[in-house]
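This report concerns only the one structure given below.
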Amino acid sequence: MLEGGQEGLTKLWQQRWPSCPPVGYQLRDPYRDVWVRFHSLPESKRYAADESEYTIVLERYNTVLDELFAGADVYVITPLWTTEAEVPPCPPGADYWQSLLVRDDPDPEFRTYSHLFTVRRPWRHGCIDALLRDVADEEVAGVLIADTRMQRIHHPYDGGADVFLPTSEERDRMRDRHADWLSRHPSGL
């Protein structure tokens, strides 16, 4: 069960990230001062072509996740994307958190809802590798991994991960430790 229930988790989110709903790709603009993006493969290659590249992808994800969450519990927040407001069945082992209308449209067939489900678990290196591999293959999108106080967020995507930290100083230290994994583009994308 969610500690503090749905309302408790929502309150934590709103206290720490008040300018944005829990939608990974929307966090970057309002929280640019604590954001860094790491690419999953050398030379910013987006998709793994073989098992040796999947090893690199998972090692990069897990290296950053270990630095963020070693020895702590995390929330693994996984959205189910639909065109309907009705909450889909809860995935096994997960708790329903909330639903968000991410894209509104006068035509209901073009509305997009994100139904968020969460699992609280102790962080261990490799404990969500199957999910991370699905993210890397663009089979799952919008995953957030956060500490239980919602101060640190890891948002993996196909091609890398956006990381949000409590301070710009902490962000800078992490960025500097993994400078070889950064984009060469001035915007950091």
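Fair warning: this is a prediction, and the values are worked out from it, not measured in the lab. This chain uses plain numbering: 1 for the first residue, then up along the sequence.
Minimum heavy-atom separation, Ile56 to Ser40: CG2-O, 3.6 Å. When all heavy atoms of Gly126 and Asn62 are compared, the pair lying nearest together is N-OD1, 2.9 Å. Across all their heavy atoms, Val34 and Ser168 have their closest contact at CG1-N, 3.8 Å. Nearest heavy atom pair, residue Cys127 against residue Pro122, reads SG-O, 4.2 Å. Taking all atoms of both residues into account, the shortest heavy-atom contact from Gly142 to His155 is CA-CE1, 3.8 Å. Minimum heavy-atom separation, Asp129 to Leu58: O-CD2, 3.8 Å.
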- Message: Assess the residue pair Ile153 and Val163 against the criterion (side-chain contact (heavy atoms from CB on, under 4.5 Å)); give the C-alpha distance rounded to whole Å, side-chain angles, the decisive distance to 0.1 Å, and a yes or no.
- Response: CA-CA 6 Å; Ile153 296 174; Val163 178; over 6 Å; no

- Task: For side-chain contact (heavy atoms from CB on, under 4.5 Å), just list the numbers for Arg173 and Asp176, CA-CA rounded to whole Å, side-chain angles, deciding distance to a tenth of an Å, and then say yes or no.
- Result: CA-CA 5 Å; Arg173 288 190 299 272; Asp176 294 347; 5.9 Å; no

- Run the numbers on Thr63 and Glu59 for side chain to side chain donor-acceptor pair (under 3.5 Å), then give the verdict. CA-CA 6 Å; Thr63 296; Glu59 188 57 34; 3.3 Å; yes

Could you pull out every donor-acceptor pair under 3.5 Å between side chains of residues 102-109 and any protein atom, sequence neighbours left out?
| residue | atom | partner | partner atom | Å |
| --- | --- | --- | --- | --- |
| Asp104 | OD1 | Arg111 | NE | 3.2 |
| Asp105 | OD1 | Asp107 | N | 2.8 |
| Asp107 | OD1 | Glu109 | N | 3.0 |

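In this structure a side-chain-to-backbone donor-acceptor pair under 3.5 Å is present from Gln6 to Tyr96. Put simply, the side chain of Trp17 gets close to the backbone of Met150: a donor and an acceptor are under 3.5 Å apart. Put simply, the side chain of Trp35 never gets that close to the backbone of Asp29: no donor and acceptor are under 3.5 Å apart. Proximity of a side-chain donor or acceptor of Trp81 to a complementary backbone N or O of Val140 within less than 3.5 Å is not detected. The backbone N or O of Gln98 lies less than 3.5 Å from no partner atom in the side chain of His115, so there is not a single donor-acceptor pair.
Note that the CD1 atom of Ile77 and the CD1 atom of Ile145 stand 9.0 Å from one another [nearest 0.5 Å]. Rounded to the nearest 0.5 Å, atoms CZ (Arg152) and CZ (Arg16) are 9.0 Å apart. Separation of atoms CZ (Arg28) and SG (Cys20) is listed at 10.5 Å; rounding is to 0.5 Å. Remark: Tyr113 OH to Thr82 OG1 distance equals 8.0 Å, nearest 0.5 Å.
Other members of the cluster containing Phe110 do not exist, because no ILVMFWY side chain is joined to it at under 4.5 Å.
Residues Trp97 and Leu27 share a single hydrophobic cluster, defined by chaining ILVMFWY side chains whose heavy atoms lie under 4.5 Å apart. In the hydrophobic cluster analysis, where Ile, Leu, Val, Met, Phe, Trp and Tyr join through side-chain heavy atoms closer than 4.5 angstrom, Tyr157 is grouped apart from Val76. A continuous path of hydrophobic side-chain contacts links Ile128 to Phe69 [ILVMFWY only; heavy atoms under 4.5 Å]. Follow the hydrophobic side-chain contacts under 4.5 Å out from Tyr54 and you never reach Tyr61; the two are in separate clusters. In the hydrophobic cluster analysis, where Ile, Leu, Val, Met, Phe, Trp and Tyr join through side-chain heavy atoms closer than 4.5 angstrom, Val36 is grouped together with Val143.
Taking 4.5 Å as the limit, every side-chain heavy atom of Glu7 sits out of range of all side-chain heavy atoms of Lys11. Within the 4.5 Å cutoff, no side-chain heavy atoms of Leu68 are placed close to those of Val74. Side-chain atoms of Pro18 and Gln14, non-hydrogen and from C-beta on, never get closer than 4.5 Å to each other. Taking 4.5 Å as the limit, some side-chain heavy atom of Leu144 sits within range of a side-chain heavy atom of Trp13. Side-chain contact between Val64 and Trp181: present, with at least one pair of heavy atoms (C-beta onward) separated by less than 4.5 Å. Phe164 places none of its side-chain heavy atoms less than 4.5 Å from the side chain of His154. Between Val119 and Tyr75 the shortest side-chain heavy-atom distance does not fall below 4.5 Å. Using a 4.5 Å heavy-atom cutoff, the side chains of Pro22 and Leu116 are in contact.
Qualifying salt bridge (Lys or Arg N to Asp or Glu O under 4.0 Å) partners for Arg171, counting only residues two or more places apart in sequence or in other chains: none. The salt bridge (Lys or Arg N to Asp or Glu O under 4.0 Å) test applied to Arg175 returns Asp172, not counting sequence neighbours.
Legend: salt bridge (Lys or Arg N to Asp or Glu O under 4.0 Å) pairs involving residues 65-88, not counting sequence neighbours, sorted by first then second residue: Glu67-Arg177, Asp73-Arg120. Among residues at least two apart or in separate chains, salt bridge (Lys or Arg N to Asp or Glu O under 4.0 Å) pairs with a member in residues 38-52 are Lys45-Glu53, Arg46-Asp158, Glu51-Arg133.
Of the N and O atoms on the side chains of His39 and Ser183, not one donor lies less than 3.5 Å from an acceptor on the other residue. In summary, the side chains of Asp162 and Tyr31 do not present any donor paired with an acceptor at a separation below 3.5 Å, with no hydrogens or angles considered.
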